[in-house]
Trainee: 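There's a structure below that I have some questions on.
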Amino acid sequence: MMITKQALGNTLFGMADILRDKVEDYKSYILSLLFFKRLSDNYTWEIENGIQEFKNEFGIEPNEKQRQKIISDKHDFIIPEECFWGDVRKAPLDKKNDVLNKSVNAIADANPALKGVINTVRWNEPSPDGSGGKKLHPEVLSLLVSYLDAVDLSNRNASVDILGDAYEYLIKRFADENKGGTTAGQFYTPQEVVDIIVRYLKPEKGNTVYDPTCGSGGFLINSAKYTKKITGSQKNIRLFGQEDVWNTWAIANINMILHGLDASIKKGDTLRDPKFTEEDNDLAIKTFDLVMANYPFSQENWWKNGEPKKDKKGKAVTKKDGSPQLEYPGKEDFNDPYDRFDYGIPPFSNGDFAFLQHIIASVNENGKAGVVCPQGILFRGQPEKTEEEDGQNRKADDEYLIRRGFIQGPVNKDGKFVRGVNIIDAIVVLPGNLFYGTTIPGSIVFFNKNKAEERKNKILMVYAAKKGWYKEEPNMNVLLPQDILRISTILESWGDIGVAKEWITSQKARLRELIQEELDFKKGEIELDVQEDLEFAEEKFIKAEKLVKGKEEEGKKPTKTELNNLEKAKDAFDKIIAQKEQHIRDAEEQAEKERIAIDEVEIELLSMLTDPELRKRYFSVVELEELEENEFNLNIPRYVDTFEPDEEIDLCEAMEGLKAALDKENEVYELLSKLMEVIQ
């Protein structure tokens with residue numbers, strides 16, 4: 001029987017307990033070691049399986065020549081001699097770091113595709129204190145190796161789907177551990193947001209999909225999964241990604257390999273050094289059918305041309321957080337070698353519109369994009385104003401001009417339209433605190449370079465940030481299945497109730513499956529979480545019970561201590577069982593609430609779509625004329641009624657409550673008066 005996703009995920013995450021506080025960025029150590037063991041285990045299994053297939057087909061053992069052919073045909077990667085997992089396991093404690101480091105580097109040298117991927121961690125790095133020891137102590141590494149050694153990561157025990165899902169589970173767990181830190185947002189986008197974007201863009205067979213800031217590769221993985229569901233094979237689309245952080249780039253590559261995907265993930269700064277350019281012109285940006293991204297919000301100094309600002313005394317001026325204030329050169333002499341900024345040069349102090357224009361340049365003439373953005377891009381920047389209008393003459397801000405260009409089309413240096421086209425398709429305003437590493441409220445902006453005729457001069461505005469349309473948790477907010485249904489139905493239907501009904505029917509079944517999968521996963525986790533404690537408590541209980549029964553059978557009376565020990569052991573055992581059952585009941589209740597909520601949201605949506613007044617609280621299909629009237633400010637309250645009325649109060653009930661409070665106050669006052677009399 002193959003290992004389950006939750007069993008494998010929990011086992012692998014147990015390595016974090018060994019490494020936590022021992023090294024920075026311990027996730028890279030764990031994920032790299034996991035990948036090395038997977039390659040090694042599967043290499044051995046592939047040979048064994050290939051030989052068995054040969055024997056089954058021909059009825060004889062292969063000779064040495066045939067054996068060598070089986071070995072060369074069966075492997076995607078080469079593992080040199082003495083570079084297997086077993087070699088690391090058997091290495092003496094004082095040599096283990098060196099043997100592991102040598103092994104992963106030899107594998108990287110033998111497989112160009114794995115350079116910088118399998119060997120991203122320097123396992124024999126010296127300790128920074130100059131003691132001559134290793135940064136990762138050999139005893140800690142030995143514990144890791146022993147812990148992971150018990151898990152067979154070959155296809156015999158862990159299929160590509162199970163291993164890939166367990167790897168993603170690990171990535172999410174690492175992100176959850178670092179919710180408040182900035183690093184989590186670098187490599188992980190909440191699955192619910194990814195799902196909304198992928199399902200609206202709908203990857204098709206033959207599509208190219210690109211993520212310019214791909215992190216661990218979530219958008220690409222989910223596009224492949226969607227394509228597999230629709231077309232039968234995840235390899236029916238081609239995947240491309242770029243990532244600037246070394247360790248995250250390695251994680252993304254490992255993620256693709258473990259999912260069995262042949263993706264091109266390149267390392268580099270997307271804005272300054274885009275790696276995907278046309279074959280015949282390395283300064284022409286390569287274009288794709290679909291682009292999906294969650295770029296770094298409001299990245300400062302994105303062109304790396306800022307210099308520390310100095311005061312009159314030549315001292316660096318700092319911000320409140322102690323970092324230096326930067327000043328930037330003028331834009332007159334700026335030139336993007338890749339010619340991406342058709343809509344205007346963004347401020348060097350904020351990279352939002354730089355990333356957006358790179359994304360738009362990467363979309364082909366019939367392509368689409370779905371981008372997670374800070375809500376500020378919807379309204380930052382002011383239009384040109386005259387002295388009569390504003391009390392002073394004011395030029396239009398660059399960010400305003402770029403946003404206007406997305407809606408009306410780019411203009412040349414003389415202010416004349418180069419082409420008149422609206423490429424913004426839809427906007428979804430999301431709840432705040434939804435993303436890792438930032439509390440900045442986010443949104444999703446969908447672009448389409450070939451909009452349907454009836455939508456060319458329209459933008460769909462969706463408001464999804466209403467209280468109650470997401471789950472509030474201590475560290476961050478979460479979209480539940482019913483919330484995804486609400487957002488996706490409005491996106492899909494654009495207010496058409498017929499389309500909405502059809503979409504809801506298809507999505508209800510899918511979301512119910514997801515709820516059941518999540519429930520099964522949680523129940524498996526609960527079982528695994530209590531397994532060790534339960535086994536220990538059961539063993540203690542059986543031992544105490546055996547002692548008491550043994551004495552009774554011999555006609556002896558158990559001591560009071562022995563009876564107390566039995567009672568305590570039974571109580572402890574029963575308590576763990578009761579806690580486990582309660583956790584399972586809680587999980588089942590939550591799943592049932594979500595199933596009911598899906599039905600309730602269906603009724604809510606179909607009712608809303610027939611009521612013009614209610615529709616205004618959910619979404620608006622905004623015409624170009626209205627956008628012009630609002631000076632291309634896309635702030636959602638201008639178009640959707642986001643006002644949340646105060647909760648209605650039962651006046652009679654409130655008066656009764658007030659009367660009861662006053663009566664109680666009088667009672668307390670009388671009691672205090674009597675006490676004062678006694679004291680005096």
Side-chain angles (χ1 to χ4, degrees), residues 189 193-228 230-231 233-244 249 252-253 255-256 259 261-296 336-343 351 353-373 406 410 419 421 423-426 444-452:
T189 300
V193 175
V194 173
D195 185 76
I196 289 166
I197 291 174
V198 170
R199 289 183 180 278
Y200 189 61
L201 295 183
K202 298 180 181 58
E204 297 176 353
K205 186 175 181 179
N207 276 173
T208 52
V209 181
Y210 168 59
D211 183 345
T213 55
C214 70
S216 60
F219 281 113
L220 303 178
I221 296 287
N222 279 272
S223 294
K225 287 182 177 180
Y226 176 89
T227 306
K228 182 179 180 180
I230 301 301
T231 71
S233 172
Q234 63 181 11
K235 295 189 176 182
N236 280 333
I237 57 171
R238 288 179 292 154
L239 305 173
F240 304 83
Q242 184 163 338
E243 173 56 45
D244 194 28
W249 170 81
N253 275 282
N255 206 1
M256 300 301 146
H259 278 89
L261 294 168
D262 184 19
S264 176
I265 310 294
K266 297 190 178 182
K267 163 76 180 69
D269 182 331
T270 298
L271 293 180
R272 297 188 72 223
D273 185 22
K275 297 297 184 183
F276 293 99
T277 55
E278 296 295 350
E279 290 181 12
D280 58 349
N281 182 357
D282 59 8
L283 292 179
I285 293 294
K286 183 178 177 67
T287 60
F288 304 89
D289 298 307
L290 301 174
V291 182
M292 308 177 195
N294 176 11
Y295 63 80
D336 173 32
Y338 302 94
D339 201 22
R340 292 167 291 183
F341 300 139
D342 279 359
Y343 299 90
F353 283 99
F355 277 111
L356 285 172
Q357 290 193 83
H358 171 82
I359 287 163
I360 291 164
S362 302
V363 175
N364 65 32
E365 60 185 11
N366 295 310
K368 303 174 186 176
V371 191
V372 178
C373 311
F406 292 166
R419 56 186 180 277
V421 59
I423 59 170
I424 298 181
D425 183 47
I444 306 171
V445 179
F446 291 99
F447 297 93
N448 187 342
K449 285 193 176 177
N450 188 23
K451 295 175 73 169

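All figures in this text were calculated on a predicted structure; none of them were measured in a lab.
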Trainee: Distance-only, no hydrogens or angles: does the K202 side chain make a donor-acceptor pair with backbone N or O of Y226 under 3.5 Å?
Mentor: no
Trainee: Report, as yes or no, whether the 6.0 Å neighbourhood of atom CZ on R340 holds more than 12 heavy atoms from other residues, nucleotides or ligands.
Mentor: yes
Trainee: Please check if the side chain of N253 supplies one atom and the backbone of W249 the other of a donor-acceptor pair under 3.5 Å.
Mentor: yes
Trainee: Please confirm whether the backbone N or O of S216 pairs with a side-chain atom of N255, one donor and one acceptor, at under 3.5 Å?
Mentor: yes
Trainee: To the nearest 0.5 angstrom, please state how far the CG atom of D195 sits from the NZ atom of K225.
Mentor: 11.0 Å
Trainee: State, to 0.1 Å, how close G218 and V194 come at their nearest heavy-atom pair, and which atoms those are.
Mentor: O-CG1, 3.9 Å
Trainee: Report the C-alpha distance between D289 and N366 in whole Å, list the side-chain angles of each, state the deciding distance to 0.1 Å, and finish with yes or no for side chain to side chain contact (heavy atoms under 4.5 Å, CB included).
Mentor: CA-CA 7 Å; D289 298 307; N366 295 310; over 6 Å; no
Trainee: Can you confirm whether Y295 sits close enough to L356 that some side-chain heavy atom of one is under 4.5 Å from a side-chain heavy atom of the other?
Mentor: yes
Trainee: Could you tell me which non-hydrogen atom of P212 sits nearest to which non-hydrogen atom of T270, and how far apart they are?
Mentor: O-OG1, 2.5 Å
Trainee: Is the side chain of Q242 donor-acceptor paired with the backbone N or O of G268 at a distance under 3.5 Å, no angle test?
Mentor: yes
Trainee: Is the side chain of Q234 donor-acceptor paired with the backbone N or O of L261 at a distance under 3.5 Å, no angle test?
Mentor: no
Trainee: Is there a donor-acceptor pair closer than 3.5 Å between any side-chain N or O of N281 and the backbone N or O of E278?
Mentor: no
Trainee: Between atom CD1 of I360 and atom NZ of K449, what is the distance when rounded to the nearest 0.5 Å?
Mentor: 7.0 Å
Trainee: Between atom OH of Y343 and atom CD1 of I423, what is the distance when rounded to the nearest 0.5 Å?
Mentor: 3.5 Å
Trainee: What pair of heavy atoms forms the shortest contact from M292 to V198, and how long is it?
Mentor: SD-CG2, 3.8 Å
Trainee: Taking side chain to side chain donor-acceptor pair (under 3.5 Å) as the test, write out the residues that go with D273, two or more places apart.
Mentor: K275
Trainee: Which distance, rounded to the nearest 0.5 Å, do you find between the CG of D211 and the OG1 of T189?
Mentor: 7.5 Å
Trainee: Taking atom NZ of K451 as the centre, report whether more than 12 heavy atoms of other residues, nucleotides or ligands fall under 6.0 Å from it.
Mentor: yes
Trainee: Carefully, step by step, assess I424 and V445 under the rule side chain to side chain contact (heavy atoms under 4.5 Å, CB included).
Mentor: CA-CA 7 Å; I424 298 181; V445 179; 4.3 Å; yes
Trainee: Can you confirm whether F219 sits close enough to L201 that some side-chain heavy atom of one is under 4.5 Å from a side-chain heavy atom of the other?
Mentor: no
Trainee: Kindly state whether the ring of F447 and the ring of F406 have centres lying under 6.0 angstrom apart.
Mentor: yes
Trainee: What do you reckon, is CG of D269 surrounded by more than 12 foreign heavy atoms closer than 6.0 Å?
Mentor: yes
Trainee: Who are the side chain to side chain donor-acceptor pair (under 3.5 Å) partners of K267, not counting sequence neighbours?
Mentor: D244
Trainee: Measure the shortest side-chain to side-chain distance between S223 and L290 over non-hydrogen atoms and say whether it is less than 4.5 angstrom.
Mentor: no
Trainee: Measuring only between side-chain heavy atoms, which start at C-beta, is N236 closer than 4.5 Å to I230?
Mentor: no
Trainee: Report, as yes or no, whether the 6.0 Å neighbourhood of atom NZ on K205 holds more than 12 heavy atoms from other residues, nucleotides or ligands.
Mentor: no
Trainee: Would you say Y200 and D425 make side-chain contact, with heavy atoms under 4.5 Å?
Mentor: yes
Trainee: Walk me through it: do L220 and H259 pass the test side chain to side chain contact (heavy atoms under 4.5 Å, CB included)?
Mentor: CA-CA 11 Å; L220 303 178; H259 278 89; over 6 Å; no
Trainee: Over all heavy atoms of both residues, which pair between F276 and G241 is shortest? Give the atoms and the distance, please.
Mentor: CE1-O, 3.2 Å
Trainee: Tell me the closest heavy-atom pair linking F446 and I196, and the distance in Å.
Mentor: CZ-O, 4.5 Å
Trainee: Would D262 and K235 count as a side chain to side chain contact (heavy atoms under 4.5 Å, CB included) here? Give the steps.
Mentor: CA-CA 8 Å; D262 184 19; K235 295 189 176 182; 5.7 Å; no
Trainee: Is the shortest heavy-atom distance from the side chain of P296 to the side chain of F355 under 4.5 Å?
Mentor: yes
Trainee: Hey, could you give me the NZ/OG distance between K286 and S264, rounded to the nearest 0.5 Å?
Mentor: 9.0 Å
Trainee: If you look at every heavy atom in A224 and L239, which pair is closest and at what distance?
Mentor: CB-CD1, 4.2 Å
